[in-house]
Student: 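Pasting a structure here, questions to come.
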Number of protein chains: 2
Amino acid sequence: MTDRAAADGFEDWLRDRVPERGLRPKAAAVLEVLLTQPRRASFGSTVELAQLAGVNIATVTRTAQALGFAGWPALQQELRARYLSSLSAPQVAAEHHGVGSPGAASLRRDLDSLAVLNRRFDESVVATIAHAVAEARRTIVIADGSYAAVGIALAHNARLAGYDVLAVTAGDAELANAVASLDSRDVLIAISFWRLYESTVLAANEARSRGARVFAVTDAASPALAGAAEEIVLVPAEGVAFFPSLTAGMAVAQAVVAQLATVDPARTAASIEAAEAMWSKFGLLHRRPTQGT
Amino acid sequence: MTDRAAADGFEDWLRDRVPERGLRPKAAAVLEVLLTQPRRASFGSTVELAQLAGVNIATVTRTAQALGFAGWPALQQELRARYLSSLSAPQVAAEHHGVGSPGAASLRRDLDSLAVLNRRFDESVVATIAHAVAEARRTIVIADGSYAAVGIALAHNARLAGYDVLAVTAGDAELANAVASLDSRDVLIAISFWRLYESTVLAANEARSRGARVFAVTDAASPALAGAAEEIVLVPAEGVAFFPSLTAGMAVAQAVVAQLATVDPARTAASIEAAEAMWSKFGLLHRRPTQGT
DNA sequence: ACAGATCCGCAAGAGTCTTTGCATTTCTGT
DNA sequence: ACAGAAATGCAAAGACTCTTGCGGATCTGT
């Protein structure tokens, strides 16, 4: 792994504290959370960390002690210092400006796009969409071409949050069937970019005429979609290569789900819990988040 | 302490909370500490802040309330979000909208994550992966759970660029078949987050033992995957809700494809042209790139 | 200088967080 | 499969934090 050099001494530093014997399973789960969610770990209490790692709060304290600290507060203090410096220190390294690989250029472009998106962002639109989904009987997400990925992500996480959201990406036949079942209790979200697929526009108009609420996520306010959609979220999608970038669209999908998850927190919490139980039951996870049986 | 520069981000924001009447002397002293020592303010307790400002702890609470917050914890939470943002994305001055909705918070978090990713980014790793894909007979992308979306995007765009890249997300049976066909001429890219799906790890190890080149995109350097992978790309995936954020992972996928598209520009150009011709022929696009009918 | 109002510190009360002893479950080697 | 050891969850105890009522101190306008 070549992240070493440029990286946070953060991860290396933390892994170096692991005692010879290694860590027990649950302690390893806690360590994993420390590494993957340093922000929360820096601020959170033992209760929050325990929930994230799927362990008892006592295990959090014991893990901190196993890593050579007096307790959680002591570890957390070090964590803060390391994490904050990892945020600000390599600032200099970001000045690659001059030349760079296409990969690096793509990343910088995405960063810019996200900054633009953030600046133009209208919370109320996302809130409207989230509420519409929450109130709907069901939601259909149509997304063609490469944007199918964004639609799948949106639908997947929304389902995890406890709502009936289906991504339709398999082609016109499935699309036709899905739209045929829509009525005024439903919501349709069309995700599409510049060169709109014909069927997306057709589906949006058809859904609208059936009384469903229609929203669009796109990179250009096309009149065709504007006519059908109640609200439109504009995302910058310019990529460095021929391909439009999906990164900003994905960020919008995440924002919608984040908003959706707070509409009915109890419902979402129950749904997630049920999903975790299923994962455990099916043995899907490499490291189980077991709450203790 | 060089916190000065970093403070610029939220200085205006914080000053805007000051009520018409202005602040009393001691409250102003507290505010001064917040502005000049944001780091300590973000983490410290009322006791620490009171000492720094030379006031009583009660004054700290009252100052927070005078600024329009329920109390010190509420103010501190806002402070943290602003301060961390100013650390990781100082070039972005998007302080207009408040920390308000979860949707907006999600977006900002993604922006931070991307900034961190950009900083830690190692071009050579992405270049290695791109070249491996370009030289391979075929490439299999395995991605489970919500990360399937990233895998689908990567495979889709890579195919568009003219390479045989297949995303396997449909389940263990398909995964087993796909891995069974791998040999030393092939590449496998595993995309997964910390709670690795069991089958992802199995597939990666199996592919490795069959001689395929294996790469991983993940949010934690898990020993399980590290053993199988030639290179690992670490992406920050911390989201605001329960769900990990896919945005940074998507940015990496875009970067890989952007890099891949430049390995053999002629091949990619020909592939795109062919794809466009097909789209036209099938009448897929709402607005044709060539000319509208 | 005085009266009224405001500000500020003190201290108590309610709540939260962290640690640790104990019991149960899970793992390991024979 | 069994016995010992390790790990983990539960729950209580102790420490700390935040808020708020109250009284003394300071300021302002006359």
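Values in this document were obtained by computation on a predicted structure and should not be read as measured data. Every chain is numbered from 1, with letters handed out A, B, ... down the list of sequences.
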Student: Between Asn56(A) and dT8(D), is there a side-chain N or O to OP1/OP2 distance below 4.0 Å?
Tutor: no
Student: Does Arg62(A) or Ile57(A) map to a spot on DNA chain C nearer the 5' end, using the closest nucleotide for each?
Tutor: Ile57(A)
Student: Have a look at Thr61(B) and say if it touches a base, only the backbone sugar-phosphate, or nothing, with a 4.0 Å heavy-atom cut-off.
Tutor: base
Student: Rounded to whole Å, please give me the gap between CG in Leu75(B) and P in dT17(D).
Tutor: 17 Å
Student: Kindly indicate whether the side chain of Leu107(B), heavy atoms from C-beta on, has any atom under 4.5 Å from the side chain of Leu111(B).
Tutor: no
Student: Does NZ or CZ of Arg108(B) lie under 6.0 Å from the centre of the six-membered ring of Phe121(A), at an angle within 45° of the ring axis?
Tutor: no
Student: CG/Leu34(A) to CG/Leu49(A) distance, rounded to the nearest 0.5 angstrom?
Tutor: 6.0 Å
Student: Check whether any side-chain N or O of Gln65(A) sits under 4.0 Å from OP1 or OP2 of dT18(C), and answer yes or no.
Tutor: no
Student: What are the two closest heavy atoms between Ile140(B) and Ala178(B), and how far apart are they?
Tutor: CD1-CB, 4.2 Å
Student: Whole Å only: how far is the CZ atom of Phe69(B) from the P atom of dC18(D)?
Tutor: 16 Å
Student: Take atom CD of Gln77(B) and atom C1' of dT16(C), then tell me their distance rounded to the nearest Å.
Tutor: 16 Å
Student: Measuring from the side chain of Val55(A) (C-beta onward, heavy atoms only), which nucleotide among dC10(C), dG9(D), dC18(D) has the closest atom?
Tutor: dG9(D)
Student: Tell me whether the side-chain N/O atoms of Thr59(B) come closer than 4.0 Å to OP1 or OP2 in dG9(C).
Tutor: yes
Student: Given dT18(C), dC10(D), dT20(D), which nucleotide is nearest the side-chain atoms of Ala58(B)?
Tutor: dT20(D)
Student: Atom CD of Gln51(B) and atom P of dC18(D): how far apart are they, to the nearest Å?
Tutor: 12 Å
